[in-house]
Amino acid sequence: MKGLFYQLNASEEEGVFVYQDRELAPPPSEYHVKLQVKACALSHINAKLMSELKIRKEFVPVGREVAGVILEIGSKVSFFQPDDEAVGILALDYQESGLSEVLWVHENHLVPKPEKVSWVEAAGTIRDGLRAYTALHSLASLGPGKSVLVMDGASPLGALAVQLSLHRGATVITTADSEESKLYFEKLRPSVARVIDMCKGKVDLAESCLEETGGLGVDIVLDAGVRLYNEENVISKQLPHKHDIVTLLSVGSHWITSHQNLQLDPPDSHLLFLKGVSLSFLNDEIWNLSSAHKGRYLHILKDVMEKLSIGIFRPQLDDPVPLYEAKVVMEMVQKNEVRKRQIVQF
């Protein structure tokens, strides 16, 4: 049984992708189901996070968002039956690649796949939907009348965050960093309140948001990274400066950041204090680090699939690729060279 793995070098900072043939091991427990994988999404591997969590492997399995048919169930499985269709996210310390034909998966990592949702849509939406829910519902108080700024709203995460905010009755402001992104927002219905074009050189993000909100500021900000300093290199020139985010936040607002090394200067911290701002870090792996949140986690995954089935979620997916192209595509994913979610279809 062939799977794709990420072989780390000695520094654990970068590695190479390799195919390996492995035999399917016996079921780890009576709570596991045998899943025949139909589609698997490809996501960036955070080797640094795994090292910090003491999950050290020479070969890191590739592909954790899987959708497929259940072939067998353990004697203590209560949520599924053979021939059920399921989708889920494999645990961070899972030993096998999601790009294998058959896997043993604990039932607490799967939810039913709606019949009208395709395998590719299910696998390609489950993680970004979880991240959008975590950011806007678990870490913030999304609701009608709120103003929300979603940075890079045409990305796989940004698109679902925009759609979830619009569904909940919020006023949405977003940014576009390419002509393709601007075209996406022109076709989006319901439409966002404002698209800030980050391609036009120097754009005053804070001024644009304050103008849109009548000077009150934005209630919820979901960033896609920020600049800590005034560097002007190619990678970070379209990211907002951290001070711009601090400036555009309203009183009692929420700032959800994916910047794991965020540093705030004392004046910025003082301004956040005066505004009563809540600062949260978006790390969707927290759901599987404690069993106390398992019920809520599964509820979110079910809700993501429900919203996908009724058309509220319309994910940014690329055309699916076969298994033999997974290595090349995953190298591009790891280098952040793709804009849409990549899926391998069996």
Residues in side-chain contact (heavy atoms from CB on, under 4.5 Å) contact with Arg314, at least two apart in sequence or another chain = Gln163, Leu188
message = Quick one: does any side-chain atom of Lys275 pair with a main-chain N or O of Val246 as donor and acceptor, under 3.5 Å?
response = yes
query = What residue pairs, at least two apart or across chains, pass side-chain hydrogen bond (donor to acceptor under 3.5 Å, both in side chains) with a residue in residues 17-28?
reply = Gln20-Arg22
ask   = Can you list the residues that meet the side-chain contact (heavy atoms from CB on, under 4.5 Å) rule with Ala135, with sequence neighbours excluded?
value = Leu222, Ile256, Leu282
Summary of side-chain hydrogen bond (donor to acceptor under 3.5 Å, both in side chains) pairs that have at least one residue in residues 114-124, sequence neighbours excluded = Ser118-Glu121
By side chain to side chain donor-acceptor pair (under 3.5 Å) - contacts of Arg168 (at least two apart) = none
note = Residues passing the side chain to side chain donor-acceptor pair (under 3.5 Å) test with Asp303, sequence neighbours excluded, are Tyr133, Lys307
task = Give a yes or no on whether the backbone of Leu239 and the side-chain of Arg227 come within a donor-acceptor separation of less than 3.5 Å.
result = yes
query = With sequence neighbours left out, what residues match Lys294 under side chain to side chain donor-acceptor pair (under 3.5 Å)?
reply = Asn288
Residues 83-90 side chain polar contacts: donor-acceptor under 3.5 Å, at least two apart:
{"from": "Asp84", "atom 1": "OD2", "to": "Gln81", "atom 2": "N", "distance (Å)": "2.7"}
{"from": "Glu85", "atom 1": "OE1", "to": "Lys113", "atom 2": "NZ", "distance (Å)": "3.1"}

remark   = Applying side-chain contact (heavy atoms from CB on, under 4.5 Å) to Ser253 and not counting sequence neighbours gives Leu249, Ser250, Val277
If you look only at distance, which donor and acceptor atoms sit under 3.5 Å apart when one is on a side chain in residues 144-155 and the other is two or more places apart or in another chain?
{"from": "Ser147", "atom 1": "OG", "to": "Asp219", "atom 2": "N", "distance (Å)": "3.0"}
{"from": "Ser147", "atom 1": "OG", "to": "Asp219", "atom 2": "OD2", "distance (Å)": "3.2"}
{"from": "Asp152", "atom 1": "OD1", "to": "Arg339", "atom 2": "NH1", "distance (Å)": "3.4"}
{"from": "Asp152", "atom 1": "OD1", "to": "Arg339", "atom 2": "NH2", "distance (Å)": "2.9"}
{"from": "Asp152", "atom 1": "OD2", "to": "Arg339", "atom 2": "NH1", "distance (Å)": "3.0"}
{"from": "Ser155", "atom 1": "OG", "to": "Asp152", "atom 2": "O", "distance (Å)": "2.9"}
{"from": "Ser155", "atom 1": "OG", "to": "Gly158", "atom 2": "N", "distance (Å)": "3.0"}

Residue pairs passing the ring-ring contact (aromatic ring centres under 6.0 Å, His included) test where at least one lies in residues 49-80, sequence neighbours excluded = none
inquiry  = I'd like to check the side-chain contact (heavy atoms from CB on, under 4.5 Å) partners of Pro28; sequence neighbours left out, ordered by chain and number.
reply    = His32, Trp104
message = So does Val226 get a backbone contact from the side chain of Asp223, meaning a donor-acceptor N/O pair under 3.5 Å?
response = no
